[in-house]
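For the numbers below, each heavy atom of this structure counts, side chains included, while hydrogens, waters and symmetry mates do not. All residue numbers refer to positions in the sequence shown, counting from 1. Not measured: the values here are computed from a predicted model.
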Amino acid sequence: MAQVTLNNLDKSYGDTQILHGINLEIQDGEFAVLVGPSGCGKSTTLRIIAGLEEASGGDVYIGDTRVNDVEPKNRDIAMVFQNYALYPHMNVYENMAFGLRLRKYADQDIKERVEEAAEILSIEEYLYRRPKELSGGQRQRVAVGRAIVRKPAVFLFDEPLSNLDAKLRVQMRTEIKKLHARLKTTMIYVTHDQVEAMTMGDRIVVMKDGYIMQADEPLKIYKRPQNHFVASFIGSPAMNFFEVEVKGKQLVNPKFTLAIDAKHPEALKSYEGRKLKLGIRPEHFQLRDTPSSISASLEVSELMGNESYLYCSTGLDTFIARVADNAPRTIGTPLRLFAEPDAFQFFDMESGERIE
């Protein structure tokens, strides 16, 4: 059993508190992704699970065992680091076998495990090369292979793709997901890249300033973010926000007025005459002229093949529309942009919490 449980996990360095009572349960066989901006505490959380950092408070369980006082080598985990951490004087085979030799595995068992991992990762032909003879993607495969041979209960990945170029990152994302599907082992993956999080995780844990903002399935986080931070962090391009005032069945901004969908008035009744944040995803905009369209001026147009990212300004707010055409447009072109009211998302001005 490889369930990982964090109970009221705290971490401080002197007077600086990094983690604030983290509670999280990662199920056996789950691929969980910790995501958030730099300094949010995600790598610290991973290092505490690995035993490389000591918690200031709270408990860490792997399965039913409390591992706070268990040495890293005895936690039945394997970690893949951002910088690969390969031994330059050893060839690939020796790098992958090193941890098993320390644990006194028989030579035949080591050989079988290394060859099996090399086959899974398609690096059989590189087994007798040294790390300096490999590309970045090949080195990352070796680092993953070194973890696989351990056959751990839990895999930990600390931003393993950040040193790769864009094409290799996409390829390795796929490889790691395929690896998870094959091994069915608990994996905890740390990244600052929300695209990696959305495409890889069974569940995403969004962190900010040492707190968990939301932990849920990728699509649920995307469609129903619990607060303004999650809504702004998850999504590429990011969600657009407008400050509006609720007036009856209308949302009033100094530059536009939008009609509210029939399902919204009950939820917004308590906000009558008050301001809130209206969120609209870029892909929900259409180039349509209606009474509820927003008038804007084009600032930049990015052609993305069969679609365009239109960076627009109302004179008060700037926002991005992702539209399904690639027509050339000049800067300053006036636009009318419409979003269906059922795509609107609302957030409290003060707390930032989602208004259901």
Under-4.0 Å salt bridge between Glu217 and Arg224: no

Less than 4.0 Å between a side-chain N and a carboxylate O, is that true for Lys111 and Glu115? yes

Any pair counted as salt bridge (Lys or Arg N to Asp or Glu O under 4.0 Å), so long as it reaches [range], sequence neighbours left out:
range            : value
residues 125-135 : none
residues 192-207 : Glu30-Arg203, Lys177-Asp202
residues 303-321 : Glu307-Arg322
residues 4-24    : Lys11-Glu53

Taking the side chain as every heavy atom from C-beta outward, state whether [X] and [Y] have any pair of such atoms under 4.5 Å apart.
X      : Y      : answer
Val206 : Ile212 : no
Leu179 : Ile148 : yes
Phe338 : Ile294 : no
Asn240 : Thr318 : no
Met200 : Ile176 : yes
Pro218 : Ile204 : yes
Thr45  : Leu19  : yes
Ile331 : Leu298 : no

Tell me whether [X] shares a hydrophobic cluster with [Y], the cluster being built from Ile, Leu, Val, Met, Phe, Trp, Tyr side chains joined at under 4.5 Å.
X      : Y      : answer
Ile260 : Tyr271 : yes
Met213 : Val195 : no
Met90  : Leu86  : no
Tyr128 : Ile123 : yes
Leu310 : Met239 : no

Would you find a donor on one side and an acceptor on the other, under 3.5 Å apart, between the side chain of [X] and the backbone of [Y]?
X      : Y      : value
Gln138 : Ser135 : yes
Thr257 : Val252 : no
Arg150 : Ile77  : yes
Ser292 : Ala259 : yes
His284 : Ala321 : no
Arg274 : Ser270 : yes
Thr186 : Ala2   : yes
Arg139 : Leu134 : yes
Thr174 : Val170 : yes
Asn68  : Gly58  : yes

Distance, nearest 0.5 Å, that separates [atom1] of [X] from [atom2] of [Y]:
X      : Y      : atom1 : atom2 : answer
Arg75  : Ile49  : CZ    : CD1   : 9.5 Å
Leu251 : Leu268 : CG    : CG    : 7.0 Å
Ile234 : Lys223 : CD1   : NZ    : 15.0 Å
Ile18  : Tyr13  : CD1   : OH    : 6.5 Å
Arg141 : Met96  : CZ    : CE    : 12.0 Å

Using a distance-only test with no angle check, is there a side-chain donor-acceptor pair under 3.5 angstrom linking Asp158 and Ser43? yes

Please step through salt bridge (charged side-chain N to carboxylate O under 4.0 Å, His left out) for the pair Asp107 and Arg101, ending with a clear verdict. CA-CA 8 Å; Asp107 287 346; Arg101 293 199 192 285; 3.3 Å; yes

Ring pair (Phe, Tyr, Trp, His ring centres under 6.0 Å) against [X], all qualifying residues, sequence neighbours excluded:
X      : value
Tyr61  : none
His228 : Phe241
Phe155 : none
Phe81  : none

List, one per line, each side-chain donor-acceptor pair under 3.5 Å for residues 242-250, sequence neighbours excluded.
unit_1	atom_1	unit_2	atom_2	d
Glu243	OE2	Lys275	NZ	3.4

Compare every heavy atom of Leu9 with every heavy atom of Ala55, then report the nearest pair and how far apart it is. CB-CD1, 3.7 Å

Of all heavy-atom pairs between Ala147 and Pro152, which one has the smallest distance, and what is that distance? O-CD, 3.5 Å

Leu337/Ser293 under side-chain contact (heavy atoms from CB on, under 4.5 Å): CA gap, chis, key distance, verdict: CA-CA 5 Å; Leu337 292 143; Ser293 292; 5.9 Å; no

Side chains of residues 31-42: which donor-acceptor pairs under 3.5 Å do they make with residues two or more places apart or in other chains?
unit_1	atom_1	unit_2	atom_2	d
Lys42	NZ	Gly36	O	3.0
Lys42	NZ	Pro37	O	3.2

According to side chain to side chain donor-acceptor pair (under 3.5 Å), who are the partners of Thr199, at least two apart in sequence or on a separate chain? Arg173

Phe285 and Phe319: ring pair (Phe, Tyr, Trp, His ring centres under 6.0 Å), yes or no, with the steps? CA-CA 10 Å; Phe285 278 114; Phe319 64 100; 5.1 Å; yes

Quick one, Glu175 with Lys178, criterion salt bridge (charged side-chain N to carboxylate O under 4.0 Å, His left out). Give me CA distance, side-chain angles, the key distance, then yes/no. CA-CA 5 Å; Glu175 293 298 325; Lys178 285 162 63 177; 3.7 Å; yes

Which one of Thr5, Asp59, Asn7 satisfies the side-chain hydrogen bond (donor to acceptor under 3.5 Å, both in side chains) criterion with Arg66? Asp59

Between Arg281 and Tyr222, is NZ or CZ placed under 6.0 angstrom from the six-membered ring centre and within 45° of the ring axis? yes

Within residues 160-169 or reaching into it, pairs that qualify as side-chain hydrogen bond (donor to acceptor under 3.5 Å, both in side chains) - sequence neighbours excluded: Gln82-Ser162

Would you call the rings of Phe346 and Phe344 parallel, tilted or perpendicular, taking 30° and 60° as the class edges? perpendicular

Report yes if the distance between the aromatic ring centroids of Tyr87 and Phe98 is under 6.0 Å, otherwise no. yes

